[in-house]
Protein chains: 2
Amino acid sequence: MLDQYLSWYDMALKALKYKIENFTTKPFSKIAICGMGGSGIVGDYLRVLASDRLNYPVTVIKDFNIPKWVDKETLVIGISYSGRTMETVSAVEKALRRGALIAVIASGGKLINLAKVKGLMYVKVDSGYVPRTSLPLLLYSALKIMKELNADIVSEPEIQESIDILKNYRSYLNYSLSLSSVIKDNVPIVITDPRYEPLCLRFKNEFNENSKIIAKCEIYPEWSHNDIVGYEGGVRNVKVILANPNDGSLYQKVFEGFMVPYLTSLGYEVCEVKLQGKCMLAKLIYGSLIAGLTSVLLAQRKGVDPLETRSIKLYKEYIKRVSTQFFTQH
Amino acid sequence: MLDQYLSWYDMALKALKYKIENFTTKPFSKIAICGMGGSGIVGDYLRVLASDRLNYPVTVIKDFNIPKWVDKETLVIGISYSGRTMETVSAVEKALRRGALIAVIASGGKLINLAKVKGLMYVKVDSGYVPRTSLPLLLYSALKIMKELNADIVSEPEIQESIDILKNYRSYLNYSLSLSSVIKDNVPIVITDPRYEPLCLRFKNEFNENSKIIAKCEIYPEWSHNDIVGYEGGVRNVKVILANPNDGSLYQKVFEGFMVPYLTSLGYEVCEVKLQGKCMLAKLIYGSLIAGLTSVLLAQRKGVDPLETRSIKLYKEYIKRVSTQFFTQH
């Protein structure tokens with residue numbers, strides 16, 4: 001697994017060269033990104049990156065179903081690394097019936113077949129990776145689709161900075177090793193500000209899948225209106241990972257001036273991950289790589305196989321069997 | 001505290017009689033709900049209720065800042081029970097400068113003053129409640145504003161059913177007591193499907209604030225693509241609370257046919273809260289009341305004061321001091 005994370009720089013360069021097949025466009029005023037797990041999280045990155053750039057919201061849908069507002073004026077990007085994710089295929093098929101402008105990103109499977117048959121635009125990414133390690137392939141493909149559709153949410157220099165940051169991957173290994181040695185057998189609680197919410201989710205998902213541990217996400221300022229009280233109940237087997245935006249923002253000021261000293265005073269250990277890079281995309285990519293490396297190194301430390309995700313396999317077998325029956329009956 | 005939760009039926013009837021002051025309207029094609037904690041969660045309820053009814057998305061903003069897309073074509077509802085929440089006031093002031101159509105809901109404070117001075121529409125709710133117990137006042141007020149603005153997301157019979165369900169509150173006490181006795185000193189993980197996400201958040205926040213414990217939320221189907229693997233790592237001091245939609249949906253089928261037996265086989269205890277009522281609003285209100293009662297009864301069991309939230313008070317003092325300095329400097 002580690003080698004796949006350490007090849008993100010090459011993956012990013014590869015993704016920049018992908019071609020959008022069947023390119024089509026029409027006006028849209030809403031964007032929905034459909035996907036699950038390590039593919040669906042690309043939608044979360046797009047949502048926060050779009051927040052300060054677009055005149056309409058980007059909504060992430062992690063479900064079989066789509067909201068009523070997905071219609072002819074909506075761009076829907078369906079993302080599934082395998083192209084076979086039941087929920088994503090179902091959501092894209094529904095969006096197709098609503099007349100949405102659709103793009104899909106996958107390495108093959110039913111999604112790519114659907115795109116070919118229906119003439120939908122698509123990017124076919126390289127197969128052979130573990131889905132969650134393929135983040136650069138999926139993310140840079142999605143950014144390219146957005147750009148070509150004039151929903152440009154990152155600039156060329158920002159793309160370049162985010163790729164440059166991946167060059168230093170060797171130096172991130174030691175840092176990730178020390179982070180994993182703090183987590184040990186504890187439950188990580190990952191906290192950041194709303195702009196970096198995808199990083200919280202990413203850290204959690206990577207700890208779940210690679211390290212086989214329970215983890216939890218929190219976003220400040222909402223954190224300080226309810227979750228904060230939970231820490232009063234005494235120190236449990238948890239460690240706080242704080243993704244510090246490291247950008248001179250009010251969020252950083254509160255993290256360093258209140259959150260860290262307060263949690264420390266209650267007896268909690270807080271590990272600050274200071275996000276490197278200048279632009280949001282670079283900070284997101286940096287944090288995501290640290291999450292991947294840390295979770296694999298933690299798996300090694302615990303003696304578990306980061307690759308195998310037995311529970312997800314069982315679920316996928318179950319849902320394949322049951323959803324066919326269910327949709328036939330209803 | 002318990003008496004405030006047990007008066008939800010009366011609160012709901014009271015809220016139905018509130019008047020919208022300074023009513024104004026203009027066309028809008030986007031909705032943003034701004035608020036934090038027990039006030040901001042009203043936005044989550046509105047978002048899921050709108051999902052199958054409106055032709056545009058409802059976005060919940062729990063932050064000082066607002067996305068670029070909040071503009072003249074956006075309805076912004078700012079909700080803060082006290083009317084003094086720093087983040088909400090900041091978000092509403094920014095939306096005002098963007099020319100958005102604005103409504104505020106509060107019991108007084110800066111938000112109501114702002115509405116009076118600027119001629120914004122507002123609902124002034126009764127003061128004297130603990131903010132998180134005032135949910136019916138805030139929620140039914142927000143639904144009324146939406147209805148009057150032709151963004152109708154619940155019908156009259158649905159409103160009626162949701163209020164009728166509050167009549168049986170005495171019978172919910174025993175159930176909540178048994179639920180609290182299962183949680184004991186464990187960390188609750190609350191799981192449901194995307195339509196009932198606000199209930200997960202509500203349970204978590206109520207456990208945080210009333211019971212002073214850490215809690216965690218998960219939404220199926222995303223849960224089955226990453227979080228599920230974390231449970232393989234052995235049973236920890238957690239209990240799963242499953243908000244079962246109890247509506248014959250595929251979600252319910254998966255919960256009962258896969259999630260419960262699978263988690264049980266791994267050694268986890270799962271408490272199913274079967275959501276009563278027919279419509280979504282009734283199920284949401286029912287689940288929210290169970291969350292409130294359970295969290296207060298758990299506080300009593302643990303011998304902690306459900307009312308006091310010392311950490312939030314410390315945060316509010318800090319942010320008041322620091323944000324003034326910060327915004328003066330930047």
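Because the structure is a prediction, the values reported are computed rather than measured.
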Would one find more than 12 heavy atoms of other residues, nucleotides or ligands at under 6.0 Å from atom NZ of B/Lys72?
-> no

Greatest number of non-hydrogen atom pairs under 4.5 angstrom with chain A, of B/Gly38, B/Gly40, B/Ser224, falls to B/Ser224

Residue selection (most heavy-atom pairs with chain B, distance under 4.5 Å) from A/Lys30, A/Glu222, A/Arg132, A/Lys62 = A/Glu222

What part of A/Glu87 gets closer than 4.5 Å to chain B, counting heavy atoms only: side chain, backbone, both or neither?
-> side chain

Give, as side chain, backbone, both or neither, the part of B/Ile189 having an atom under 4.5 angstrom from any heavy atom of chain A.
-> side chain

NE2-CE distance between A/His225 and B/Met36, expressed to the nearest 0.5 angstrom | 4.0 Å

Run the salt-bridge test on A/Asp227 and B/Lys204 with the 4.0 Å N-O cut-off and return the result as yes or no.
-> yes

Any side-chain donor paired with an acceptor under 3.5 Å for A/Tyr251 and B/Asn65?
-> yes

Measure distances from B/Asn210 to the heavy atoms of chain A and classify the residue's part below 4.5 Å as side chain, backbone, both or neither.
-> neither

Distance, nearest 0.5 Å, that separates CZ of A/Phe258 from CD of B/Glu317 | 9.0 Å

Interatomic distance, CG@A/Asn208 vs CG@B/Asn226, rounded to 0.5 Å, equals 5.5 Å

Please report the shortest heavy-atom distance between A/Tyr56 and B/Trp69, naming the atom on each side.
-> N-CB, 3.3 Å

Heavy-atom pair count under 4.5 Å with chain A, highest-scoring of B/Val229, B/Thr74, B/Ile214 = B/Val229

Are side-chain N/O atoms of B/Ser311 and A/Tyr262 paired as donor and acceptor at under 3.5 Å?
-> yes

When you look at NZ of B/Lys68, are more than 12 heavy atoms from neighbouring residues, nucleotides or ligands closer to it than 6.0 Å?
-> yes

Side chain, backbone, both or neither: which part of A/Ser211 has a non-hydrogen atom closer than 4.5 Å to chain B?
-> neither

At a heavy-atom separation under 4.5 Å, does A/Glu206 approach chain B through its side chain, its backbone, both, or neither?
-> neither

Please round to the nearest 0.5 Å and tell me the distance separating atom NZ of A/Lys216 and atom CD of B/Glu218.
-> 10.0 Å

Taking atom CZ of A/Arg84 as the centre, does the number of heavy atoms from other residues, nucleotides or ligands within less than 6.0 Å exceed 12?
-> no

Structural part of B/Pro221 lying under 4.5 Å from a heavy atom of chain A | both

By a 4.5 Å heavy-atom criterion (distance strictly below it), what part of A/Thr309 contacts chain B: side chain, backbone, both, or neither?
-> both

When B/Asp71, B/Ile61, B/Ile319, B/Leu314 are compared by non-hydrogen pairs under 4.5 Å with chain A, the top option = B/Leu314

Contacting moiety of A/Pro194, where chain B heavy atoms sit under 4.5 Å = side chain

For B/Thr85, is it the side chain, the backbone, both or neither that has a heavy atom under 4.5 Å from a heavy atom of chain A?
-> side chain

Contact part of A/Tyr318 toward chain B, heavy-atom cut-off under 4.5 Å: side chain, backbone, both or neither?
-> side chain

Please state whether the side chain, the backbone, both or neither of B/Ala215 comes within less than 4.5 Å of a heavy atom of chain A.
-> backbone

Do you know which of B/Val187, B/Asp193, B/Asp185 has the most heavy-atom pairs under 4.5 Å to chain A?
-> B/Asp185

Partner chain B: residue of A/Arg310, A/Glu73, A/Lys316 with the largest heavy-atom pair count (under 4.5 Å) = A/Arg310

Using non-hydrogen atoms only, which part of B/Ser39 is less than 4.5 Å away from chain A: side chain, backbone, both, or neither?
-> neither

Per-residue contact mode, B/Tyr315 against chain A (heavy atom under 4.5 angstrom) | both

Sort B/Arg53 into side chain, backbone, both or neither according to what part of it lies under 4.5 angstrom from a heavy atom of chain A.
-> backbone

Heavy-atom contact with chain A under 4.5 Å, split by part of B/Leu54 = backbone

Part of B/Ile213 within contact of chain A (heavy atom distance under 4.5 Å) | backbone

